[in-house]
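Here's the structure we're looking at; comments come further down.
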Amino acid sequence: DGRSDGWGDAYQARPNSDSLDKDRKLRILLVDDSVILRSAIFDFLSMKGFEVVEAEDGQDALEKLETMGPFDLILTDMQMPRMDGPKLIETVSKRKNPPKMILQSGDPEGAEVAKKLNVPFNYKGDGIDPLLQMIQDIINRAPDEGWINDLQRILKIEQKDLALFLAQAKEDTNIGD
């Protein structure tokens, strides 16, 4: 449509529908305190075939998780009233089988926050295409591919320490062979 903000090409980026369960849509909980931005992202994701539920902040998101869950993905803004995105991610990460999560912000410094939380980061200034690509990557990811990252996040340990832990666990299980 000729727009230069990166959002005009959003209609071209489609998640790989072959990887989706044909009987249900991917459920996304969209959390952002900006009504205008939340509405725009809601419209784009809905047009792409996702089932999107909106929440105005982290507290609202937790309530919707309880009443309308489960969700496959939480897409959350970083700075919001009542409960911000990082606190929402920390809280949800402690649950059994948490959904995948993406932190987004108009502040590029949010990438460091996302890294500490071990979640992908979407810079809003890049437009919708990178966000749709992240969602597609999550959809196409093999179900067991991220278990080491999930274990590392839960245990809050470094990669080298995790490798030693897994090697020791393997050694311990082979003792009786």
Side-chain angles (χ1 to χ4, degrees), residues 1 3 5-108 110-111 113-114 117-143 145-146 150:
D1 67 2
R3 297 190 322 190
D5 59 5
W7 291 79
D9 296 329
Y11 298 99
Q12 305 304 316
R14 279 192 78 76
N16 180 354
S17 60
D18 293 339
S19 64
L20 292 173
D21 181 343
K22 302 295 185 202
D23 295 333
R24 75 172 189 93
K25 295 179 178 183
L26 184 80
R27 298 192 75 225
I28 299 175
L29 180 57
L30 172 61
V31 189
D32 201 308
D33 60 322
S34 168
V35 175
I36 294 169
L37 190 57
R38 189 175 70 231
S39 179
I41 295 172
F42 175 91
D43 290 345
F44 281 116
L45 294 177
S46 296
M47 284 178 39
K48 296 300 173 194
F50 299 111
E51 180 183 338
V52 185
V53 174
E54 298 176 68
E56 62 188 32
D57 58 37
Q59 189 63 45
D60 188 29
L62 288 177
E63 292 165 13
K64 293 204 169 143
L65 275 168
E66 292 301 319
T67 60
M68 302 175 74
F71 291 92
D72 300 295
L73 176 70
I74 296 175
L75 172 61
T76 183
D77 187 28
M78 190 166 79
Q79 297 175 342
M80 297 176 290
R82 293 201 308 165
M83 180 184 288
D84 64 15
K87 181 66 176 171
L88 173 64
I89 289 170
E90 289 174 0
T91 302
V92 173
S93 293
K94 295 174 184 172
R95 295 176 174 216
K96 183 178 179 181
N97 301 319
K100 299 297 180 194
M101 294 176 268
I102 296 174
L103 181 66
Q104 66 175 0
S105 178
D107 180 356
V113 175
L117 293 167
N118 197 28
V119 296
F121 176 73
N122 178 56
Y123 174 57
K124 291 178 182 178
D126 288 340
I128 195 87
D129 290 335
L131 174 60
L132 288 173
Q133 185 61 53
M134 269 185 225
I135 293 170
Q136 182 174 350
D137 291 346
I138 289 170
I139 292 168
N140 292 332
R141 186 169 150 186
E145 195 173 283
D150 293 340

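The model shown is predicted, which means the values in this text are computed figures rather than measured ones.
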Original post:
How close do L132 and F50 get, heavy atom to heavy atom, and via which atoms?
Top reply: CD2-CE1, 4.4 Å

Original post:
Is there a side-chain contact between M68 and L29 (heavy atoms, below 4.5 Å)?
Top reply: no

Original post:
Do you know the tightest heavy-atom contact between P86 and M78?
Top reply: CD-O, 3.4 Å

Original post:
Going by heavy atoms in the side chains, are K100 and P120 under 4.5 Å from each other?
Top reply: no

Original post:
Heavy-atom distance under 4.5 Å between the side chains of I135 and I102, does that happen here?
Top reply: yes

**OP:** Measure the spacing between CG of L62 and CZ of R95 and express it to the nearest 0.5 Å.
**Re:** 5.5 Å

Original post:
So which heavy atom on A114 is nearest to which on F121, and how close?
Top reply: CB-CB, 3.5 Å

**OP:** To the nearest 0.5 Å, tell me how far L45 CG sits from K48 NZ.
**Re:** 9.5 Å

Original post:
Rounded to the nearest 0.5 Å, what separation is found between the CD atom of Q59 and the NZ atom of K87?
Top reply: 10.5 Å

Subject >> Min side-chain heavy-atom separation T91-L88 under 4.5 Å >> reply: no

Original post:
Hey, which of L65, L103, I89, V53 is the one that makes side-chain contact (heavy atoms from CB on, under 4.5 Å) with I74?
Top reply: L65

**OP:** Measure across F42 and V52 and return the closest heavy-atom pair with its distance rounded to 0.1 Å.
**Re:** CE1-O, 3.2 Å

Subject >> Whether R38 side chain and L30 backbone form a donor-acceptor pair below 3.5 Å >> reply: no

Subject >> Distance in Å, I28 CD1 paired with L75 CG, rounded so as to fall on 0.5 Å steps >> reply: 7.0 Å

Original post:
Under a 4.0 Å N-O cut-off, is there an ion pair linking D77 with K124?
Top reply: yes

Subject >> Heavy-atom closest pair, residues V31 and A61 >> reply: CG2-CB, 3.6 Å

Original post:
With a 3.5 Å cut-off and no angle check, do the side chains of D137 and Q133 form a donor-acceptor pair?
Top reply: yes

**OP:** For the pair D84 (side chain) and Q79 (backbone), establish whether a donor and an acceptor sit closer than 3.5 Å, ignoring hydrogens and angles.
**Re:** no

Original post:
Just wondering, are more than 12 heavy atoms of other shown residues or ligands nearer than 6.0 Å to NZ in K64?
Top reply: yes

**OP:** Drop me the distance from D107's CG to Y123's OH, to the nearest 0.5 angstrom.
**Re:** 8.0 Å

**OP:** Kindly give the heavy-atom pair with the smallest separation between S93 and P98, and that separation in Å.
**Re:** O-CG, 4.0 Å

**OP:** Please round to the nearest 0.5 Å and tell me the distance separating atom CD of Q104 and atom CD1 of I41.
**Re:** 4.5 Å

Subject >> Non-hydrogen side-chain atoms of M83 and D57 separated by less than 4.5 Å >> reply: no

